[in-house]
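Take a look at the structure below.
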Amino acid sequence: MNKAIQHSNPDYIVAVAVIVLALFGIIMVFSATYYSEQASGNTGEEYFFSQVIGVILGILVMLILSYIDYRLFKNKIIVYGLLIFSIVFLIVVYFTPKINGAHRWIDLGLFYFQPAEVARFAMIVFTAKTLSEYENLEIARSWRLKEVFSGLTPYFVVLVVISGLIVFEPSLTMTLMLIGAVFCMLIAAGMKWRLFFTMGTFAAIAGALAIISKKWRLDRVMIFMTPWEDATDAGYQLTQSLYALGSGGLFGVGLGNSKQKLLYLTYGDSDFILSIIGEELGFIGVSILLIVFIVLIVRCFVIALNSRDLFATILAVGIASTIAIQTVLNVGVATCSIPPTGVPLPFISSGNTSLVIFMAEMGILLNISRHTSARQQ
Amino acid sequence: MSVRRAHEETSKSDALVRKRIEVLFVIFALLIIALIARAGYWQIYKADWLKSKAQDQWTREIRILADRGDILDRHGNPLAISTSCYTVVLQPGVIKEQAEILNKDNTDQYIDALCEDLAAVLGLSPDDVKAYATKQQNQVILMRYISDKTADAIEGMQYSYTVEKSGVTETKTISYNGILINSDMKREYPMGSFLTQVLGFMAVDGNGLEGIEGRFDKYLAGKNGKLTVETDREGVKIGGSLEEREEPVNGDNLQLTIDVTLQSFAENAVEACMNEWDPESASMIVMDPETGAVLAMVTKPDYDNNNPPRSDYEMLRSLTANKNVSGLYSPGSAFEIITAAAAIDTDSINTNTFFNCEGEKTIDGQKLNCSTDEAHGSISLNQAFLNSCSVAFMEMAEEMGVDTFYRYIEGFGFGSKSGIELYNELAGELTPEKYVRDVELARIGFGDSIMITPLQYAAALSTIANGGERMKPYIAQKVISNEGKVLKEYSPESEGTIISDYTSDTILEYLFNIVDNGAGRYCQVPGYEIGGISGNTAKYDDEGLIIHDAYTASFAAVAPIGDPKLVVVLLVDEPKAGSNYGSKVAAPYIGDFLEEALPYLNIMPDSATNENGTKKEVPNVVNMTLEDAVNKIKQQGFGCIIEGFDGKIVTQIPGAGTMLEAGDNVVIQLAQVSDEGESYLVEVPDLFGLKPTEALKLLTENNLTMRIVSSGNVVLEQYPDKGTEVLRGTQIAVEFDYYEDDDEETED
């Protein structure tokens, strides 16, 4: 089989797209934070330098990983090491002080470390390894849910433990993104649609019950339907985000000229960076950005299709899905299309853990792209 | 598993995986495309709506206060003026936030420093300031009406603190955060307790509420402008952002018919009456009978308009009532001139008619007593007035009948509002014509069974005084724009002729007799012929029963009787000390008033009657050339002393018509005069250091008027200088300045 595989160049489109997005992120983070940082007595360049460091680090990690054979992540020691590392830090994070009301970050002085980001990556690698083993693949493609669960019990135990730890941080959104990526991998591996929909229905019912059980939770979830009814409180960020988008119009007010970033819109550097982009660069800027994301995501799936083995395929699907899900959630919140939640925009938003992990994943993907399958030739 | 089988499986599985991956990326691509469309919905379809809402939150409007128009007297003296000032507002939340930014562990450090600095500038105690600075409110008003100097001092305040940066201690200085200086307007009434009810007062928010301030608010208020600026969420102005300024439209000035000098004479007279008789209230109205213009209007007790008793609403409301238009009283014998005027005008009686008084009269089965217990017997009209014989006037009313009498009563303005530009005017109480029986008619004849206002009476007496023409009373003279343009002018308005000249003259003759020989003698002023009539009636409670020992006493006068220039009515409500007769309680104060008012109006007292043939009359030389005047004076055998250098003769002492011995000197004064002519020269007094009220009083006493160049609380400069001789009535330009700091220091 080795004959059928040839080494080739990495997928330059993906590499270029990622670097362009990351550099664009530096500019937008700087634009979004300069005024508010100055207003709170800082120089205004803090976020800029932090983001520059994150991008440099990310590109280095991406380059290094693109030269390391991805099969390294098939290695048991690496996979279980990653899982244990994640679980340990997800536990450690409980014993660190709360930041913004949750145990999600560990303050490492230079930057905040977010164990859940690593855990998601570890889970994707673990899923890819599990499903790429032939016996497991057969089980995953069973006709009965019971068979799937009983056949893959150790796998699901790990999934439940890690998801559970993240849920109780609390970070429901991160859990959903993790499970979403895992589901995409199961679908790609060939899980029966019927089982997928059965599980999906159960999950939806459970989620709906959790939401309806508390009135405030329901209100918070449904606020995106009527943000103006509570524009000063629960709907504040959504309405401010829309003001930014609307003020930008078709062409935008020009880079650096956002008014919404003058303390009106909070989290303009992370969860709502798309709003500031929309205000400064207009609908045209937003469209170009999102088209770049589509190109990137489609290319990632194409790499998955062209990879030389099932592990690479499923791993690539996991990585591609992670980026796609998070992009959709972020843009969905900023455009007031889904219930509000705080999700950074991949490669663009400030936040170094997320940035470096995404870049690392892209490095792995690039390495996969170097080993294309002969079937495509 | 054979290699081949495995290979087949892989191929099968490949096909499935391919299909699945294609499904996934199509779904994601479609989702993102949908989100692009969603962004387009907001950024294109909803863009304008969102942008305008966003614009609203980025911009703040700062009010630019319009200057409220001044209220002036008929000569342009200020009665109410506006001065710009500032209000200090604290933002406790912002103060706390700033304190936390500077030193999270000890926020008091910043707050205390702020309070101490503010307290020092404003003359308050730091603890009081701190109580405001730590309130649980967004904004609190700390102090109003501060001067621009104090405002500058506050804006210049700085906070110094030390920071340790890598071992080096550094001192930093910043401006305080959380103190706002808002521009404001202060209404000042330079004369204090003066014309109180007529001027009214303003609400704390700057809207005119009562009196002229309320009634003419639409002219006085102007329109506030605004400054629209872009700010961040904290309200900090964004550098280089657009700024829209809408200039305020300043209010127009209002000139009243009130004469500040006559008003101050009237205030003094009423005050004297209040002190002597301790009544519930006393009200005086002075009217120009030729025009119906109100020259003075007083109601006491009153309050300082600069400081209305806002805390006590009931008291404020009762003190705000202008009794001249809203105080009803039963006129009593004062009404007899109306009855007589109607009777004479209709030839129902004449001056030779005699009436038979038996001390009482029974009508409709009711016995009505005459004013005195004993019968007056056969009595002439003149004696009927002098003795206030009710029976005579009952007979006059009876003789005329309801139709005729009512035509006159209503013609004189009783029973309806005059329409003067004041709030709360009452129409009085007049029984509708169809319900009037003989007994009511007779009662009205001597001034009972009718309730009137002092204004109505003054207007009716003016009609009698001016030869019979009903002039509509008015108090507003002109609305003048800031540029000096007259926007609206109120001119005298005739509402028809009510009585003939003859009737008018006849009644005036009787009025003169009352003052000359009768009860009105308390109002005599030496050298003047004055007419007048008193009224005094018991007060009735709500059920129509007489209240024991509660009376209203009134007196009304016309002066001078030969050529009436002033009509004065004084109503004293429930005098406490001793008398209840209008002739005693009210007449002397009208006398006091006229004694000052008539010379002020250049109506000089008549000299003693010509008793000696050697005396000759001084000719009138005012306005002549010097040569003609000297000739004319010499012709009569008088000496001539000339004062002044050139110009016209503005005055002569003694006045024309005075009888002098031959050889006595006549002093004539020359001066450059305006076309308006007759004037005395007066010396400008020294105003330096006086308060506005004192300055205006002093100028008024010297027959000068004041023009305020710049506002303040102490006179800084004046023009012309003290000691300069100027024409009477000249406007002295006065520059005020604020010296409240000094005041506070002396208080400390």
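Chain identifiers are assigned alphabetically (A, B, ...) following the order of the sequence lines, protein sequences preceding nucleic acid strands; residue numbering begins at 1 within each chain.
To the nearest 0.5 Å, atom OG1 of residue A/Thr313 and atom CZ of residue B/Arg20 are 14.5 Å apart. Atoms CZ and CD1, from A/Phe283 and B/Ile44 in turn, are 4.5 Å apart once rounded to the nearest 0.5 Å. Atom OG of A/Ser247 is separated from atom NZ of B/Lys51 by 6.5 Å, given to the nearest 0.5 angstrom. Put simply, CD on A/Glu279 and CG on B/Leu50 are 11.0 Å apart, with the number rounded to the nearest 0.5 Å. Between B/Leu24 atom CG and A/Cys300 atom SG the span is 13.0 Å, to the nearest 0.5 Å. Taken to the nearest 0.5 Å, the OH atom of A/Tyr264 stands 5.5 Å off from the CD atom of B/Gln57.
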Worked verdict on A/Gln260 versus B/Trp58 for side-chain contact (heavy atoms from CB on, under 4.5 Å): CA-CA 8 Å; A/Gln260 282 298 95; B/Trp58 300 333; 2.7 Å; yes
Full working for side-chain contact (heavy atoms from CB on, under 4.5 Å) between B/Leu16 and A/Arg141: CA-CA 11 Å; B/Leu16 177 65; A/Arg141 289 177 177 177; 3.8 Å; yes
B/Ile36 vs A/Val331, side-chain contact (heavy atoms from CB on, under 4.5 Å): CA-CA, chis, key distance, verdict: CA-CA 9 Å; B/Ile36 293 176; A/Val331 178; over 6 Å; no
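For A/Phe196, the CZ atom counts as densely surrounded, since its 6.0 Å shell holds more than 12 non-hydrogen atoms of other residues, nucleotides or ligands. Crowding of B/Lys53 atom NZ: a count of heavy atoms from other residues, nucleotides or ligands under 6.0 Å exceeding 12. Surrounding CG of B/Asp148 are more than 12 heavy atoms belonging to other residues, nucleotides or ligands, all under 6.0 Å away. Shown here is B/Tyr132, whose OH atom has no more than 12 heavy atoms of other residues, nucleotides or ligands within 6.0 Å. Within 6.0 Å of atom OH in A/Tyr267, 12 or fewer heavy atoms from other residues, nucleotides or ligands are found, so the atom counts as exposed in its surroundings. More than 12 heavy atoms of other residues, nucleotides or ligands lie within 6.0 Å of CG in B/Asn207, so this atom counts as buried by the packing criterion. Remark: B/Gln158 CD is packed, more than 12 non-hydrogen atoms of other residues, nucleotides or ligands lying under 6.0 Å away. Heavy atoms from other residues, nucleotides or ligands lying under 6.0 Å from NZ of B/Lys135 number more than 12.
Within the 4.5 angstrom heavy-atom criterion, atoms from both the backbone and the side chain of A/Cys336 approach chain B. For A/Leu290, the parts lying under 4.5 angstrom from a heavy atom of chain B are both the backbone and the side chain. Residue B/Val23 touches chain A through its side chain alone, counting heavy-atom pairs closer than 4.5 Å. Residue contact with chain A, scored on non-hydrogen atoms closer than 4.5 Å, involves the backbone and the side chain of B/Ile33 alike. Looking at A/Leu274, neither its backbone nor its side chain comes within 4.5 Å of chain B, counting heavy atoms on both sides. Only the side chain of A/Gln240 comes within less than 4.5 Å of a heavy atom in chain B; its backbone stays farther off.
The side chain to side chain contact (heavy atoms under 4.5 Å, CB included) with B/Ile21 is formed by just one residue from the set A/Ile187, A/Leu305, A/Val302; it is A/Leu305.
For residues 315-323 of chain A, a heavy-atom distance under 4.5 Å to chain B picks out A/Val317, A/Ser321, given by residue number.
B/Ala47 and A/Gly249 make their closest contact through CB-CA, 4.3 Å (heavy atoms, listed as atom of the first residue, atom of the second, distance). Considering every non-hydrogen atom in both B/Phe28 and A/Ile297, the closest pair reads CB-CG2, 4.4 Å. Nearest heavy atoms, B/Leu35 versus A/Gly332: CD2-CA, 3.7 Å. Contact between A/Ala188 and B/Val17 at its shortest, heavy atoms only, is O-CG2, 3.3 Å.
Checking side-chain atoms of B/Gln43 against main-chain N and O of A/Gly248 turns up no donor-acceptor pair under 3.5 Å.
The aromatic rings of A/Trp228 and B/Trp42 sit tilted relative to each other, their planes meeting at an angle between 30° and 60°.
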